[in-house]
Structures are given as structure tokens and as C-alpha cells.
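Step one of this worksheet: look at the structure below.
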Amino acid sequence: MTLRVRAAPAPSGSLHVGNVRTFLFNWLYARHLGGTFVLRIEDTDPARFSEEAFTAVLQDLKWLSLEWDEGPEVGGPYGPYRQSERSHLYAAAVSRLLESGWAYRCFCTAEELAQRRAEARAEGRPPGYDGRCRNLTADQIRRYEKEGRPAAVRFRLPEQDAVVFEDLVIGEVSTNVDRLDDFAIARSDGAALYNLAVVVDDGMMQISHVIRGDDLLSNTPKQILLHGALGNPIPRFAHLPQVLGPDRKPLSKRHGSTSISEFRQAGYLPEALVNFLALLGWGTAGDTILSVDELTTMFDIEDVHPSPAMLDPAKLDWMNGEYIRQLPEKELTRRLEPFYAGAGLISVPPSPEERQKVEAATPLVHTRMRRLAEAPDLVRGLFTEVEMDPAAVERVMREPHVPEFLKRAADALDSLDPWSKEGVEAVLRSIAEEVGVKPRKAFGPVYVAISGSTVSAPVFDLIALLGREESVRRLRKAEALSNRMDSGAAPYQKR
RNA sequence: GCCCCCAUCGACCAGCGGCCUAGGUCGCCACCCUUUCAAGGUGGAAACACGGGUUCGAAUCCCGUUGGGGGCACCA
């Protein structure tokens with residue numbers, strides 16, 4: 001049997017990382033075993049899904065390089081791959097089920113059902129469907145039809161004790177059939193419902209392994225029964241535990257970024273995200289930085305943990321930093337450009353001068369960030385005038401030696417020849433020595449003067465790139481400020 | 001309420017009856033390096049949820065307790 005797995009997102013915008021992990025495990029498993037990865041869009045409910053959301057899903061998958069072998073855009077022998085285009089197939093399946101007695105029409109209205117459900121709950125009975133329309137007489141059916149009551153279609157639970165299957169992740173799962181109810185498979189307007197659509201599609205698309213979130217675990221016995229009624233072979237199942245947030249609750253909006261587009265905007269690299277997500281609920285004793293090829297070789301769905309895993313943002317940040325450091329400078333520069341643009345530091349097609357600055361800044365920021373979006377702040381002063389951060393000013397500019405040091409630094413740079421990073425460094429170091437201040441103390445004010453902050457790319461490089469005129473100007477401005485502070489003025493306030 | 005799933009350092013993973021004085025990675029702490037911030041180097045603290053079994057022997061197997069999570073729609 002050939003391995004066929006599928007990702008089946010309901011398109012509601014950019015993908016949730018939890019879903020991405022599920023898809024990744026499907027993808028890795030398929031690649032590991034040389035199987036086929038199918039993408040199927042579960043958009044049966046037209047009111048809920050938009051074309052933009054559909055596009056966003058495809059974009060996310062492409063960005064992560066989780067290419068699909070069959071599905072939208074690429075086609076395949078079992079299309080169409082959007083459930084909204086498959087309703088005729090579901091209708092045919094419903095007819096078959098109706099004819100064979102596996103299903104029956106149910107004339108209960110939504111209001112009646114809701115009321116009976118509430119009563120059952122209140123009395124401590126199971127809230128599932130009570131089977132009222134299970135054995136209607138021909139007369140009753142005729143009467144309902146005459147009244148014009150619309151009918152949903154329900155699956156008729158078989159006389160059997162239990163549904164048992166061997167889950168690849170969880171192990172044996174057994175469900176007593178008397179815990180189930182005659183669940184609906186088609187709405188009264190004729191539209192197919194989730195369980196039916198999934199089973200019809202998994203059957204027709206020859207899906208051999210259903211790998212999905214364990215929120216769908218309780219649907220599995222129903223789907224196994226449906227597969228049987230339809231004469232399908234039963235696929236293997238693997239249910240993945242939920243991804244948790246730092247508070248051990250299922251990862252949701254409350255935890256900040258959860259969608260792939262948000263991670264992309266924050267400056268996470270797709271390769272880092274893939275590596276990180278693969279290690280959530282699965283892993284080895286050894287290395288954690290693993291290429292897609294390595295992951296593919298090692299991955300096995302049976303090794304995935306049955307326990308829920310927490311997404312640790314700190315570890316993701318670390319791993320992303322590792323991947324950033326591994327990038328060649330040229331490639332890093334290319335990926336950084338949108339972030340400088342986003343910070344408003346360069347124009348959208350960058351000018352040649354801007355591009356040059358971005359390129360020159362890359363080695364200065366390379367080891368200093370964990371997310372691409374952090375780069376602009378480290379070299380902001382290179383692109384634009386910066387306000388001196390009041391807290392930093394307080395911290396490093398109050399020392400008595402500061403005005404003199406800044407003055408001499410400005411003077412010396414003003415006449416430095418030739419202008420070079422090495423020259424800048426040599427000059428400033430010798431002044432520090434003359435003034436009798438340790439480098440650490442001496443250069444703090446220079447950082448503030450040049451970049452506005454003490455958290456910054458190395459200042460000698462910045463000065464060299466900024467140029468003589470602008471560097472001297474900023475140093476003199478800071479000197480003026482420090483003079484005022486030294487003379488007992490009120491603490492510096494940002495105006 | 002009923003049904004189901006889960007349980008090793010703060011986190012992720014290793015462990016699949018003796019090799020465990022429980023290993024790796026992130027984070028944390030300390031020190032080193034150092035022009036800030038990082039990066040890098042060295043070292044350290046840190047876990048088998050609890051209670052019963054089974055066994056010569058249990059983190060590993062079984063049962064219970066506790067704690068977390070999921071599900072119970074004419075949503076997916």
C-alpha cells in the first residue's frame with residue numbers, strides 16, 4: 001500500500017502554528033516514506049470562508065516550503081481538492097447511505113433539538129440525538145413532507161458494542177457505541193456535514209493515514225463507522241496532542257502571535273519555524289538544529305508524544321537566532337530589506353545608497369538579533385537622526401569626565417585622516433586613556449550620542465559609516481547636553 | 001454532568017525492567033572574553049506528580065488518586 005496523507009485546513013486566514021505542526025508532521029511522514037502529501041481545503045460552510053483566507057493558506061504553506069503533491073493549483077487524480085466543489089459527491093454518498101438503510105431523514109428542527117438537548121443535560125442524560133426520527137412510519141414521513149418540514153440526514157448507528165482502532169500516537173482507542181448518537185451527515189438544506197465530507201474525501205482520495213489534531217479524536221469512531229457503511233478501507237489514524245501556550249492552555253490569541261503571518265512579520269525564518277515545530281512533541285536525544293533533510297530521514301509518526309507540548313517562545317527565538325547566524329551575509333541582507341522598509345528607514349524599492357547602507361549594516365547586526373525585525377533598531381542611527389534615550393542619558397552622561405571626553409572626541413574625529421573604522425577606534429581609545437577613563441565607561445556616551453541608546457551595533461563601525469560631518473555633529477550635540485547636566489541642570493527630559 | 005486523552009528538570013526531548021549517582025538542548029545563575037548589546041567559552045542549580053501493587057530489581061509494567069487537556073451541533 002502506498003502512503004497517502006493529507007492536510008485539511010478549514011480556511012479562516014493565515015494558518016495557526018498548531019495546524020502547521022500537524023501539516024508538517026504529515027509532510028515529514030510522507031517524505032520519510034516516499035508517500036504522497038495531499039492538500040484538501042475544507043470549506044463546506046460557504047458563510048464562513050473567504051477567497052482571501054484560501055489564498056492566505058496556500059501562501060503560508062508555500063512560505064514554509066511545505067509543497068503539496070496533490071491539491072489546489074497543482075491538481076491531481078482525485079480532484080477537485082476543495083470541498084466546496086465536491087458537493088455532488090457528498091450528495092451521491094448520502095443517497096447511497098439512505099438507500100442502503102445506513103442513514104435516515106430526520107425532521108426535527110434545530111429549535112426542537114436544542115430544547116431536547118437542554119432537557120437531557122438538565123436531567124443528567126447524554127445530550128446526543130435521541131433517535132426520535134429513527135423509525136418513522138411511512139405515514140409520519142408523508143405528513144412531515146406535506147407540512148413542508150425540511151429534513152436533515154442522520155447516520156444510523158449499527159448494532160455493535162464498540163469501535164476499536166490502533167492510533168499511531170495514542171495507542172489503542174476503544175469507544176462504546178452506546179456513547180455515540182445518530183449524528184447528522186447532511187443539513188436540511190442538503191449541504192454535507194463535516195464527518196460525511198471527510199470520510200467521502202478520505203475514501204475517494206485513497207488516504208491511508210489520517211494525521212490530525214486530537215481535538216478530532218472523538219470524531220474518529222463515527223468516521224470509522226461511516227467508512228464501513230460506505231465500503232471504504234479504514235485508514236490508519238494518528239492524533240496529535242494540542243500545542244499549548246506558556247500558561248499550559250491551548251495556544252491562542254491571548255498568547256500573542258499564533259498565525260504564521262504574524263511569525264513571518266516578527267522576523268522568524270521559515271526554516272527555523274519548521275525545525276522548531278518538528279521538535280514539538282517529537283525529537284531525538286541529540287542535536288536540535290536539524291535540516292529538513294535530516295528531519296525527513298529521522299521522523300516517524302509513531303515516535304510522536306501522546307502528551308501535549310508547550311510552545312516555548314524563548315527556545316524559538318534562540319533557534320531563529322541560530323538560523324540567522326548561519327545565513328550568508330548576502331542572503332541575510334536580502335531578507336532584511338523588507339524589515340528596514342517596514343521600519344520606515346528605507347524607501348520601498350530602496351535607492352542605491354540605501355541598499356548600500358543596508359548591506360554595510362548586515363555584518364554589524366548579524367549576531368545581534370534573534371528575529372529579523374530587531375535589526376532596524378540596532379542601526380537606526382545610520383539611516384536617520386535619533387533622539388537620545390533619556391534613561392540612557394541619565395545612566396551614562398552624568399559622569400564628570402563626559403563633557404571633556406566628548407569635546408576631545410569630536411575635535412579629534414574632525415581632523416582624523418584618513419577616515420576609517422580603525423582610525424576612529426584608535427583615536428577614541430587614546431583619548432579615553434588620556435582622560436583616564438576605562439573604555440567601558442568612556443564609550444557609553446558615544447553610543448548614546450551616535451545611536452541614541454546603549455543597545456546598538458558597535459559604535460566605531462557606525463561612526464565610520466555615518467561619516468565625519470554627521471558623527472562630529474552628533475558628538476557636539478551630546479557634549480552640549482552633558483555640559484548642561486554637569487552644571488547642575490535638572491535631569492535631562494525628552495522634550 | 002457524561003465520555004475520552006495525557007503526566008521525566010521552568011520548557012522541549014532521551015530513557016522503552018538492571019548500563020540512571022536520570023542524559024542532551026533552550027531558559028536561568030556564576031565566571032571568562034568584551035567599545036554597548038549580542039555572539040562565543042567554562043562551570044552550576046534544576047525533574048521521574050502522589051499512593052498502592054507486579055518483580056530479585058521500576059522513571060520504565062498494572063491499578064487508583066490528584067492535576068491538566070479534549071469532546072458531547074443541521075461548526076470544522
Side-chain angles (χ1 to χ4, degrees), chain A residues 8-10 12 42-45 47-49 83 106 108-110 113-114 117 120-129 150-154 167 169-171 173-176 179-181 183-191 193-195 197-198 213-221 239 241-242 244 246 248-250 276 279-289 303 305-319 321 325 365-370 374 378 392 396 425 428-429 432 438-444 446-448 451 453-461:
Chain A
S12 50
E42 309 221 321
D43 55 352
T44 46
D45 190 347
R48 266 175 63 174
F49 306 120
Q83 291 190 329
C106 167
C108 301
T109 65
L113 291 171
R117 195 157 40 233
R121 239 182 234 276
E123 293 166 22
R125 286 180 289 120
Y129 182 64
V153 179
R154 290 184 179 277
D167 190 283
V169 170
I170 293 170
V173 177
S174 173
T175 307
N176 288 327
R179 299 292 166 205
L180 270 26
D181 67 345
F183 57 94
I185 57 176
R187 296 200 303 216
S188 52
D189 65 3
L193 256 7
Y194 169 73
N195 281 309
V198 165
D214 73 356
D215 51 329
L216 266 11
L217 183 61
S218 60
N219 284 290
T220 306
H239 287 91
Q242 304 290 294
L244 272 24
R248 302 236 120 234
K249 302 282 184 202
F276 179 78
L279 261 26
L280 253 193
W282 173 82
T284 65
D287 293 337
T288 49
I289 301 289
D303 294 334
H305 270 216
S307 57
M310 198 187 94
L311 188 152
D312 179 6
K315 186 162 187 176
L316 207 210
D317 280 356
W318 164 78
M319 188 171 280
R325 274 169 245 130
V365 297
H366 204 155
T367 63
R368 293 187 162 73
M369 58 182 162
R370 293 177 306 179
E374 291 171 348
L378 292 168
V396 301
E425 177 165 2
L428 293 182
R429 278 190 191 284
K438 290 231 185 295
R440 186 179 204 85
K441 266 211 150 53
F443 300 142
V446 180
Y447 272 90
V448 176
S451 69
S453 160
T454 53
V455 178
S456 154
V459 78
F460 305 137
D461 297 86

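Lettering of chains follows the sequences in order, A, B, ..., and the numbering in each one begins at 1.
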Give me the atom names and distance for the closest heavy-atom approach of [X] to [Y].
| X | Y | result |
| --- | --- | --- |
| D215(A) | S218(A) | O-OG, 4.4 Å |
| R325(A) | W318(A) | NH2-O, 4.5 Å |
| I170(A) | P306(A) | CA-CB, 4.5 Å |

So, does [X] get its side chain near the phosphate of [N], meaning an N or O under 4.0 Å from OP1 or OP2?
| X | N | answer |
| --- | --- | --- |
| R429(A) | U35(B) | yes |
| R325(A) | G40(B) | yes |
| T44(A) | A76(B) | yes |
| R368(A) | G40(B) | no |
| R179(A) | C2(B) | no |
| H239(A) | C6(B) | no |
| R440(A) | U36(B) | yes |
| R117(A) | A73(B) | yes |

Using atom [atom1] in both nucleotides, what's the gap between [N] and [M] to the nearest angstrom?
| N | M | atom1 | value |
| --- | --- | --- | --- |
| C13(B) | A7(B) | P | 11 Å |
| U65(B) | A45(B) | C1' | 31 Å |
| U8(B) | G15(B) | P | 14 Å |
| A47(B) | U25(B) | C1' | 15 Å |

Is there side-chain contact between [X] and [Y], with at least one heavy-atom pair below 4.5 Å?
| X | Y | answer |
| --- | --- | --- |
| Y194(A) | N219(A) | yes |
| L279(A) | M319(A) | yes |
| F443(A) | E425(A) | no |
| P126(A) | D181(A) | no |
| L311(A) | F276(A) | yes |

With a non-hydrogen cut-off below 4.0 angstrom, is [X] in contact with a base, only sugar-phosphate, or nothing?
| X | answer |
| --- | --- |
| L311(A) | nothing |
| P250(A) | sugar-phosphate |
| L113(A) | base |
| R370(A) | nothing |
| G281(A) | sugar-phosphate |
| D181(A) | nothing |
| C106(A) | nothing |
| P458(A) | base |
| T454(A) | base |
| R248(A) | sugar-phosphate |

Point to revise | Enclosure of D287(A) CG (heavy-atom neighbours >12, cutoff 6.0 Å) | key: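 Counting neighbours around CG of D287(A), 12 or fewer heavy atoms of other residues, nucleotides or ligands fall under 6.0 Å, so no.
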Check your understanding: With a 3.5 Å cut-off and just heavy-atom distances, do the side chain of S307(A) and the base of A7(B) make a donor-acceptor pair?
Key ->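 Flag unset: no donor-acceptor pair detected.
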Check your understanding: If you take atom types as modelled and just measure distance, does the side chain of S218(A) reach the base of C4(B) with a donor-acceptor pair under 3.5 Å?
Key ->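 It does not, because no donor-acceptor pair links the side chain of S218(A) to the base of C4(B) below 3.5 Å.
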Exercise for review: Please tell me which of L279(A) and L316(A) maps to the more 5' nucleotide of RNA chain B, matching each residue to the nucleotide holding its nearest heavy atom.
Suggested key: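 Looking at the nearest nucleotide for each, L279(A) comes out on the 5' side.
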Review point. Quick one: on RNA chain B, does N219(A) or S456(A) contact a more 5' nucleotide (nearest heavy atom)?
Key: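 The residue whose closest nucleotide sits nearer the 5' end is S456(A).
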Review point. Which nucleotide in the set C72(B), G70(B), C13(B) lies at the smallest distance from any side-chain heavy atom of P127(A)?
Key: C72(B)
Exercise for review: Check every atom of C6(B), C12(B), G70(B) against the side chain of I170(A) and return the nucleotide holding the closest atom.
Suggested key: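 The closest nucleotide is C6(B).
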Exercise for review: Round to the nearest Å and state the distance from H305(A) atom NE2 to C12(B) atom P.
Suggested key: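 From H305(A) NE2 to C12(B) P: 10 Å.
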Point to revise | Nearest-Å distance for atom pair CZ/C1', residues F460(A) and U34(B) | key: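 Going from F460(A) (CZ) to U34(B) (C1'), I get 11 Å.
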Exercise for review: Searching all strands shown, indicate the nucleotide that pairs with C50(B) (Watson-Crick or G-U wobble; both distances under 3.5 Å).
Suggested key: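 G64(B) - that is the nucleotide pairing with C50(B), both distances being under 3.5 Å.
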Practice item. Mark up nucleotides 20-25 of chain B, 5' to 3', with B wherever a protein heavy atom is under 4.0 angstrom from a base atom, S wherever such an atom reaches only the sugar-phosphate, and - elsewhere. Key: ----SB
